[in-house]
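So that the names make sense, note that chain A is the first sequence line, chain B the second, and so on, each numbered from 1.
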Amino acid sequence: MAEISKRWATSMITGGNPLVFTGPCSFPAVSSVDGKYSIVLLSRQIRVYLLQTRQCIRTVDMDMLKVVAVCLDPGNSSQLACFTKKDMFYVSWQENLAEPVVATLAIEPTIEGFVDVFKSASDCYYVLAENDSVLSVLSVDRETAKSCVLFQIEGAHEYAVSRNGHKLAVVLESLQALLYDLTAAVSAPSAKHTQLGFQDAIERTVESFAFPHKSVSCMAVSSTGIIAIGTLLGHINVLYGGSSTGTPKGFLRWHIEPVKSVEFSVDENYLVSGGTEKVLVFWHLVLDRAQFLPRLSGPIDRIFADSNRPDHYSVALRISEGALKIGAHELLVISGLDLVSRLSYAPVCPTFNSSMSKALNAARKRHQKIGGNVKSISHNITAKLTMHPTTKHMYTAQGSSVQAYDLIRGEQAFVQHIAPQVSTGKVRSEKKLVDPEVKEISFTTDGAWMATFDSMPSLNFDNLMSKNDTSYALKFWFWNESSWELTLKVVDPHGPGLEIGCILSNSAESFTTIDKNGGIRIWRPRLNNPLRAVKSLVASQKHSTQTVWTLRRASQTSTITSPVSACYAPDGSFLVVSHDNIAKIYDSAQLLPIDFAIPPVDLPIESLAITGSCLVITSQLKILSYDLVSAREAPLFLHVFARGMGNLVAVDTNKQLIAVAYNEWDTEAESSVYSTISVFSPNSLVPIYSTTSHKAIASLATTQAGFLFMNVDSEVGILSLEDKKKIAGIQQEDDISAQMNKMLINAQAAANVLFAKTVNRKVQSEQVEDSTKFTSQKSVDPALLLSIFNNVDGVGLDSLFEKVVRVSQ
Amino acid sequence: MSPPLLFAKFDPSLTNLALVIQALDSHQVRVQALVVAQDSLNTLFQLKKGQKVAAIEWFSDLLLALALTSGVVLIYSPAENQIVRELQLTTSMAIADLHFSSVTHTAWCVDTNGTLCEWDVHSYTLIQQFSLSELLDTTESVTKLSTVLHNSEPALLVGTHSVYLVDVVGRQVVAQFPGHVQPVIAIEPAKYDADLFLTAAEGDRFINVYSISKNATRSVLVASSSIRQMTLAGSADLSVVAIVTETGSLEIFKDPLSFDVQPLEVSSKKKRKQLAGAKSKHCDATIQYARPADEIRNPADQSLFICAVTATHTHLHVTWLENDSLCRFDAVAWTDGDSFTLLGHKTITKAKQNIMAATHTVQGHDVAAPRLYSEQHTVITDGGMFQDELENLGDDDDETLAERLEKITGESTRKNGVSKKRLQKHTAGSLTVVLSQALRNNDNALLETVLINRDPTIVQSTISRLDSSLAVILIDRLAEKLTRQQQRFDQMNFWLKWIIIIHGGVLSSLPNVSHKLANLHSVLNKKASKLPRLLELQGRMSMLEQQNSLKKEILRGVDLQGEDSAEDDVEYIEEIDDAVEAGVLEEEEDEDDDDDEIDENGVDDFDMSDVEEDEE
């Protein structure tokens with residue numbers, strides 16, 4: 001037992017969601033000093049992107065979830081200073097180290113309510129903290145991590161610090177907006193910070209404006225003292241601090257919904273704002289002119305302008321518009337010159353059937369009511385994943401679009417809209433507009449075709465007769481080099497009002513759709529234009545004309561609507577279709593029922609799969625395997641209770657393995673979940689391998705490398721055999737982790753070659769007295785050395801060595 | 001040089017290449033980094049109209065001097081992409097050559113009149129100026145300048161048709177080296193041996209190696225065709241001369257300055273008699289750049305035209321133009337440190353460079369943005385459209401050769417017949433030709449232009465002349481258009497009607513007609529399924545109407561009681577309403593309310609019925 005279990009391993013593939021910082025200054029995409037790299041901070045990974053090629057050149061795996069603020073180390077730009085509520089640590093992002101964390105320092109004394117780091121000087125960091133609406137400005141020494149309060153203000157409601165850290169703007173709960181000049185504090189050396197006395201000095205610089213605090217949603221302050229305050233009502237108030245004459249106030253009106261974020265451009269000529277309208281608005285502060293960048297892919301939550309990259313704007317766009325407390329963000333870096341993206345990072349964004357917090361609440365209530373040993377989570381917290389058979393992209397449906405996620409690169413490949421949708425953000429009554437929703441995705445075995453099914457409810461505006469009509473569309477997409485091309489749309493594919501519950505394909509030239517009333521239809525491709533068809537047959541050109549899919553077989557439907565699922569036999573000879581709690585076997589050629597009774601289960605069947613001669617039936621209550629040859633139940637029988645269990649079972653038909661995930665509410669630790677993934681053979685009740693985690697599993701899928709799982713934080717991992725060579729040498733190239741590595745190395749090499757010379761020129765001067773400090777540790781960049789090896793032909797080893805020494809000195 | 005390119009010169013540190021390009025009626029200066037990725041410098045500077053470059057020279061890595069035919073030297077800074085200084089020659093004559101001397105660290109300039117100027121390149125001050133004609137009695141104009149150390153004193157090599165060694169301090173001609181019949185275009189002093197220098201002349205195949213001390217030609221290098229550019233590098237032990245000929249090929253001479261090597265061939269040409277005693281040799285190696293075999297499109301691809309060459313102590317740097325605009329570079333090692341590595345002919349294949357510009361947009365669409373939904377080129381059908389496989393098997397796949405033959409012949413005869421018929425029948429009022437064209441070629445746009453017509457006579461005549469076999473396809477297309485846009489039924493109606501009237505007979509005789517018309521059937525079926533709803537709506541409308549009339553009747557009854565004429569009813573009530581609103585009248589309110597209630601009840605009732613019906 002122990003020997004076998006060793007051969008399986010669990011590893012995470014994706015880096016998770018970008019971090020969400022609550023502070024006004026930190027953003028999860030940090031630009032390197034030269035502006036060439038972007039360091040993207042994810043919940044469990046740091047990814048370094050080369051902006052020019054949009055490629056990820058380095059990943060650093062580490063748990064970042066507790067990080068609240070981040071900035072580049074002012075002393076060594078190849079290090080990132082990360083702050084948690086209690087300590088600070090340095091991560092080297094520029095090179096691969098065995099231990100990426102270079103140093104960890106505990107902040108003393110601990111800062112209550114740590115919010116953000118707003119300025120980093122050569123000797124200390126300046127920190128904002130908010131505790132019981134007392135806003136404090138503190139300094140944290142770089143060497144000793146000693147914290148020291150510089151300034152405090154009570155009753156702060158909203159606040160902002162200018163980019164250079166010299167201005168602090170605060171909206172007080174006492175209907176006032178105040179502007180402070182922090183220059184005295186932030187320009188003093190850190191040794192003097194303990195002497196205090198800054199409180200008075202700063203308070204003397206105050207400028208006060210009357211301002212109601214209730215409607216404030218976000219604010220920003222420029223280094224010249226202009227305060228921009230975004231409100232819930234949609235207008236932006238501009239208060240000109242520091243000007244003794246002229247208009248002290250201004251209004252910028254365009255937003256109709258709450259302004260989510262305002263930010264000054266680096267040159268402070270522009271104010272950039274955004275909100276749920278999905279429009280980035282550039283306000284020219286002097287010319288009083290506005291420019292718009294509409295049709296972003298999500299509502300804007302944060303805008304950030306990085307002083308290391310003055311002509312770019314980083315934007316965090318919300319992906320899930322649902323009620324999740326902290327939504328997942330997509331990060332976008334936009335060039336201010338052409339308003340075209342330079343970088344985007346989007347996490348996996350599946351559609352969960354219900355949110356984790358809801359499910360936990362329900363589980364807790366049930367536990368309180370019934371008590372005892374009730375641990376199961378009854379809500380359906382699962383999401384559906386579909387794997388593309390050839391490109392290995394993971395497809396998830398999100399509203400009316402489909403996301404293809406490249407697991408090898410660990411980033412989103414593309415998002416394809418499956419149905420027409422409103423591309424602008426919805427505001428006010430527009431929220432009643434419903435977008436179509438993609439329900440099913442399936443691929444042919446050669447990966448050339450995709451079938452999607454979406455439903456579009458009618459608009460319910462004027463109490464029309466058609467208000468309860470839902471239009472359904474089955475769409476066939478052809479993979480054309482690098483994108484999906486819609487070739488056929490079938491309206492109401494199973495007749496009016498019938499919804500497809502399952503699409504599957506067992507060959508390159510057929511899709512089978514099953515509606516929720518149990519009707520089965522088989523679709524096959526044919527050339528569209530009969531006149532052309534003859535010609536192209538003669539010329540034997542396959543894709544010269546448009547191919548359409550036509551309906552070839554249909555079976556009778558029943559009148560009962562209930563969940564369906566289906567699977568093909570491995571040899572394609574028959575089709576097993578379940579409708580409600582009964583599974584039936586059909587001849588796959590003629591769709592005639594075969595007289596073979598499979599015993600019904602007690603609750604609707606959620607998924608079916610065949611491995612070998614075993615039919616694996618998953619219902620909400622149990623998972624059982626049924627041997628079709630001997631017509632009796634196989635040993636594997638699991639009793640579960642979870643809605644959406646169909647997504648938590650994956651069957652590998654080749655290896656004859658079944659993976660089952662199960663989530664339990666952990667009664668010991670409140671609000672935490674205990675999940676188990678087990679791999680079974682259909683002939684045994686004892687799992688071959690089992691792994692547990694503290695994040696609920698939302699989905700399982702089968703790949704050639706192993707079983708893919710996704711948890712509720714939409715992080716994707718893989719369960720795979722550790723030593724692939726022993727098991728099957730052929731499958732080596734399918735090993736995702738190997739491919740990931742290869743890719744990283746290639747991207748890195750490209751980046752190194754590109755910038756070898758420029759890096760070479762930046763010879764950094766090093767101070768001798770700093771050499772004892774840990775922060776002064778400098779490493780030789782391999783990129784520096786790489787340029788030496790250009791044109792190395794004919795160079796003697798001695799001269800080569802000399803060159804290396806010269807560079808490293 | 002190849003037509004657009006006038007001058008090409010590598011900078012001393014070999015990081016950039018300066019090019020002067022003829023651009024329409026003006027000259028352009030371009031500075032391009034050798035390794036694009038390492039150094040992003042790629043500037044283009046447009047000279048003013050009439051400013052013609054006569055010579056270029058790098059003063060340093062960062063400054064390029066452009067000598068103009070107007071007697072001005074422009075100092076151009078590629079980093080700033082602007083002219084930072086202008087030096088004006090006092091003579092205002094066209095400049096013949098500009099030379100930056102590594103010996104004196106000054107710039108030397110000569111105009112066509114033979115006036116020599118020496119400039120300080122830091123302060124841009126004129127150091128000295130003198131005329132060659134004072135020293136020399138010659139009518140030949142100076143074409144090339146170079147400097148050497150002669151007896152530890154800087155001396156100027158002035159190239160006309162001959163080469164003169166001029167002592168710049170004493171301002172006198174020290175020596176004269178005749179040998180070329182054409183103006184000299186290149187003088188290369190050997191850096192390690194001040195005694196030797198090489199010259200090449202315009203339109204001449206020979207390079208002369210002169211010894212200053214011996215005042216004679218030591219050897220002659222013979223190229224295969226006229227020399228365009230020459231470079232020399234190496235040490236006393238090992239040296240190399242690389243030349244670019246006017247055909248753009250690269251020829252390399254090993255150890256041109258060591259004279260113990262036996263000449264490969266002693267020429268017997270007349271011209272060479274004057275060089276008697278000097279040894280001549282041919283090139284030791286040639287390098288040719290070519291495209292890979294699969295990329296060769298024209299003869300020029302077999303041998304890329306080399307623009308410039310320069311040699312360092314280990315490498316030859318070569319450049320050629322890609323697409324006549326962008327320089328590409330290559331470095332070839334000519335020595336491995338102690339021996340010469342190039343021998344014989346070598347062809348280096350270079351594939352055309354795919355310029356991988358980081359694309360942030362695909363067809364104007366941001367790559368990071370979601371791919372939008374478009375059903376422009378999509379076939380839209382309905383779930384009711386059922387097509388059996390049998391039909392497919394019957395006509396497409398299993399076609400025998402005989403059948404095909406028959407089809408072809410049949411088709412051709414039919415075609416002939418049809419075309420004749422059509423010619424006869426061709427009238428202005430028909431769109432048959434266009435329509436059949438559109439259907440045969442699956443041309444959607446063309447089909448649209450036909451279907452836009454609604455004139456019954458045109459529709460009728462078009463359909464009546466349409467081939468029946470195309471009618472089926474037309475029906476299919478119409479059905480698809482209907483599925484896509486339901487509201488177009490009005491427009492399509494005409495066409496459908498006439499197809500069925502005129503071609504109905506043929507259609508009904510077709511085999512498998514139910515499959516062929518499945519599309520249309522499903523669309524029409526869908527249309528027909530709207531009938532119950534319409535009836536329902538009609539019912540509601542009539543109910544409303546009846547309620548309304550009932551209400552009127554009741555009101556009339558009230559009004560009659562109030563002694564009012566029936567015709568003034570409506571107006572009067574409105575006035576009352578106004579009055580009520582104004583607060584003048586109060587008593588009538590109750591009545592109005594009652595009315596409203598009735599109204600509301602009516603609506604409520606039928607809302608209920610609505611819900612019930614829907615539930616059913």
K.L.:
Could you measure the distance from the CG atom of A/Leu339 to the CG atom of B/Asp366? Nearest 0.5 Å is fine.
P.N.:
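Atom-to-atom, A/Leu339:CG and B/Asp366:CG are 10.0 Å apart.
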K.L.:
Can you tell me how far CD of B/Glu375 sits from NZ of A/Lys475, rounded to the nearest 0.5 angstrom?
P.N.:
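Answer rounded to 0.5 Å: 6.5 Å.
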K.L.:
Which heavy atom in B/Arg371 sits nearest to a heavy atom in A/Ser482, and how many Å separate them?
P.N.:
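Distance-wise, the nearest heavy atoms are NH1-O, 2.8 Å.
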K.L.:
Report the option among B/Ser529, B/Pro370, B/Ala368 that has the most heavy-atom pairs separated by less than 4.5 Å from atoms of chain A.
P.N.:
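Winner by heavy-atom pair count: B/Pro370.
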K.L.:
Check whether B/Thr341 gets within reach of chain A through its side chain, its backbone, both or neither, counting any heavy atom under 4.5 Å.
P.N.:
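Contact with chain A involves no heavy atom of B/Thr341 at all.
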K.L.:
Distance from A/Glu485 atom CD to B/Ser374 atom OG, nearest 0.5 Å?
P.N.:
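So the gap between those two atoms works out to 9.0 Å.
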K.L.:
By a 4.5 Å heavy-atom criterion (distance strictly below it), what part of A/Thr513 contacts chain B: side chain, backbone, both, or neither?
P.N.:
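Looking at A/Thr513, nothing touches chain B.
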K.L.:
Would you please test B/Thr381 and A/Leu488 for side-chain contact (heavy atoms from CB on, under 4.5 Å) and show each step?
P.N.:
CA-CA 8 Å; B/Thr381 61; A/Leu488 173 68; 3.8 Å; yes
K.L.:
Please enumerate all residues that pass salt bridge (Lys or Arg N to Asp or Glu O under 4.0 Å) together with A/Arg342, with sequence neighbours excluded.
P.N.:
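Only A/Asp338 meet the salt bridge (Lys or Arg N to Asp or Glu O under 4.0 Å) criterion with A/Arg342.
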K.L.:
Which atoms of A/Trp549 come close to chain B, meaning under 4.5 Å heavy atom to heavy atom: side chain ones, backbone ones, both, or neither?
P.N.:
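Neither part.
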K.L.:
Would you please go through residues 490-497 of chain A and name the residues with a non-hydrogen atom below 4.5 Å from one of chain B, in numerical order?
P.N.:
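Under the 4.5 Å heavy-atom cut-off, A/Val490, A/Val491, A/Asp492, A/Pro493 qualify.
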K.L.:
What do you reckon, is NE2 of B/His313 surrounded by more than 12 foreign heavy atoms closer than 6.0 Å?
P.N.:
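Not buried by this count: 12 neighbours or fewer within 6.0 Å.
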K.L.:
Quick one: pull up OH in B/Tyr373 and OG in A/Ser400 and give me the separation to the nearest 0.5 Å.
P.N.:
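Answer for the OH-OG pair, B/Tyr373 versus A/Ser400, is 10.5 Å.
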K.L.:
Examine whether an atom of A/Leu332 lies under 4.5 Å from a heavy atom of chain B, and if so say whether it belongs to the side chain, the backbone or both; otherwise answer neither.
P.N.:
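Contact with chain B: side chain only.
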K.L.:
Checking A/Ser341 against chain B: side chain, backbone, both or neither under 4.5 Å from a heavy atom?
P.N.:
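Looking at A/Ser341, backbone and side chain both touch chain B.
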K.L.:
Taking only Lys NZ, Arg NE, NH1 and NH2, and the carboxylate oxygens of Asp or Glu, determine whether B/Arg533 and A/Asp469 approach each other closer than 4.0 Å.
P.N.:
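Here B/Arg533 pairs with A/Asp469 in a salt bridge, since their nearest N and O are under 4.0 Å apart.
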K.L.:
More than 12 foreign heavy atoms under 6.0 Å from CZ of A/Arg295: is that the case here?
P.N.:
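At most 12 heavy atoms, drawn from other residues, nucleotides or ligands, come within 6.0 Å of this atom.
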K.L.:
Is there a donor-acceptor pair under 3.5 Å between the side chain of B/Thr378 and the backbone N or O of A/Leu486?
P.N.:
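Checking the backbone N and O of A/Leu486 against the side chain of B/Thr378, a donor-acceptor pair under 3.5 Å is found.
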